[in-house]
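Heavy atoms only: backbone and side chains are in, while hydrogens, waters and symmetry mates are out. First the proteins, then the strands, lettered A, B, ... as listed; each starts at 1. Just so it is clear, the structure is predicted and the values come from calculations on it, not from any experiment.
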Number of protein chains: 2
Amino acid sequence: MANAVQSYHHGDLRSALIEAATARLSEYGIDSLSLRKLAEDAGVSRTAPYHHFKDKSALLSAIAAKGFSDWHTAAKRIFEQEDKTPKARFREFVHEYIGYAADNPEMYELMFGRTIWQNQAATNDLKDVAFPCFQFQVTMTRYWQDKGLLPNNQDALRLAQVTWGTLHGIARLLIDGIYADSSHIDEMCDCAADLFMQKQP
Amino acid sequence: MANAVQSYHHGDLRSALIEAATARLSEYGIDSLSLRKLAEDAGVSRTAPYHHFKDKSALLSAIAAKGFSDWHTAAKRIFEQEDKTPKARFREFVHEYIGYAADNPEMYELMFGRTIWQNQAATNDLKDVAFPCFQFQVTMTRYWQDKGLLPNNQDALRLAQVTWGTLHGIARLLIDGIYADSSHIDEMCDCAADLFMQKQP
DNA sequence: AGGCTATGTTGACAGTGTCAAGATAAAACG
DNA sequence: CGTTTTATCTTGACACTGTCAACATAGCCT
């Protein structure tokens, strides 16, 4: 990866850019992520990235797509632990969701933030990865309803939107710096889980 | 207000900047809000704003402070309607919260977004207005607990964080463009309210 | 071998936040 | 009243951004 830098053609600039971007994202944050710096990291000129991505937003979408893919895998892993009770898995999911956001704040911001979703800016490639991820939330909700953990008198889609909204909201309040004190994350997660499962204390 | 433009000294540049910023914010969004354009709107040079605000973030904080003040007033008005039942007021609060966000997406983004809260960037002036607003959420939560609407076996602070998180999450998913279909806002609000008040169907 | 195409380059433009240094007017002070 | 301080505003400059246009290179296909 570090050898063929001298040649005129990079070889795999697209991957190199995504890699550099992911690294810079987690280290310096999305706000100070510039195409020019990424190009420099990859050892190419400022405008080279434009032969692989339509614009900056397209590059960001590509990174986010990777994030969605990873998260979807993680969510499925938690959800499909046969050896644990549905209730335990539900609680674990809540903790893991917030945990993922807290551990990867800039990636979370990118994936679920306005940068790539606003004004229908989302790439089709991104939607293809993200929508199944959203859909999985509904699938899980329906399952938990069937198991009696979540209220059965609510539409699964609405309920999924609300439960996801809760997790998303807590995650954002944390990573955006509004909940300055992040020492009670687990307590908040438990409180949320308890609230959802009010009938099963 | 539009007369003394010719004079060397503006007179009330600070207010003019905030006014111009508020107008531009709701019309063009926070991303395309630049100090230079605001200065032009006010009829002064690019760097004049720096005599009234430390930097761009300070100006944004000032606008947000106004937003918090307004929202706090609105929230109190809803909460203190003596002629309505606590339950009705709770439900109304949920709808109004999401409604405020949906009607003023850019202001909401500014008030509750990372722009002004990240890295302890928040001004003290801002905190002085915002914290009571947050605190009011806890006060209301405790009240609703006392009235038996919300579970009494939870710490009021945690519960307030979770319920607020829910509202915030739904609001953000809507205004950030992730919930592309905004035609079921009211249903989501009712679902959330029902979920919180599970024991009072 | 020759040309097409993917990929890379430099130059340029409009825009941004922000600092430094100088100009002006209003307010404070003797 | 005159003078000096202070608040406010101005121009100039810098480093940085995303992105377009025009040109250069090299690998691939016929």
[X] has an atom [atom1]; how far is it from atom [atom2] of [N], in whole Å?
X        : N       : atom1 : atom2 : result
Glu40(A) : dT10(C) : CD    : C1'   : 16 Å
Phe53(A) : dG8(C)  : CZ    : P     : 11 Å
Asp31(B) : dG15(C) : CG    : C1'   : 15 Å
Asp12(A) : dG27(D) : CG    : C1'   : 16 Å
Lys56(A) : dC16(D) : NZ    : C1'   : 12 Å
Ile30(B) : dG17(C) : CD1   : P     : 12 Å
Leu17(A) : dT7(C)  : CG    : C1'   : 12 Å
Leu35(B) : dC19(C) : CG    : P     : 11 Å

### Message
Quiz question: by atom type and distance under 3.5 Å, do the side chains of Asp176(A) and Gln118(B) form a donor-acceptor pair?
### Response
no
#### Entry: Short N-O contact, Glu19(A) and Arg24(A), less than 4.0 angstrom
no
### Query
When you check the phosphate oxygens OP1 and OP2 of dT16(C), does a side-chain N or O of Lys37(B) lie under 4.0 Å from one of them?
yes
Among [options], which is the nearest nucleotide to the side chain of [X]?
X        : options                   : result
Ser34(A) : dC9(D), dG18(D), dA21(D)  : dG18(D)
Thr47(A) : dA20(C), dG18(D), dG11(C) : dG11(C)
Tyr50(B) : dG17(C), dC20(D), dC9(D)  : dG17(C)

### Query
With no angle test and no hydrogens, is the base of dG15(C) tied to the side chain of Arg36(B) by a donor-acceptor pair under 3.5 Å?
no
### Message
I'd like to know if Arg46(B) reaches the base of dG15(C) with its side chain such that a donor and an acceptor end up less than 3.5 angstrom apart.
### Response
no
### Summary
By nearest-heavy-atom nucleotide on DNA chain C, the more 5' of Ala48(A) and Leu33(B) is Ala48(A)
### Task
Find the distance between CG (Asp70(B)) and OH (Tyr100(B)) and round it off to the nearest 0.5 Å.
6.0 Å
### Query
So how far is it from Tyr97(A) OH to Ile170(A) CD1, rounded to the nearest 0.5 Å?
10.5 Å
### Message
Please compare His51(A) and Ser32(A) by the position of their nearest nucleotide in DNA chain D and report the one closer to 5'.
### Response
Ser32(A)
## Note on the structure
Given the options Leu159(A), Leu157(A), Thr163(A), Gln161(A) meets side chain to side chain contact (heavy atoms under 4.5 Å, CB included) only with Leu157(A)
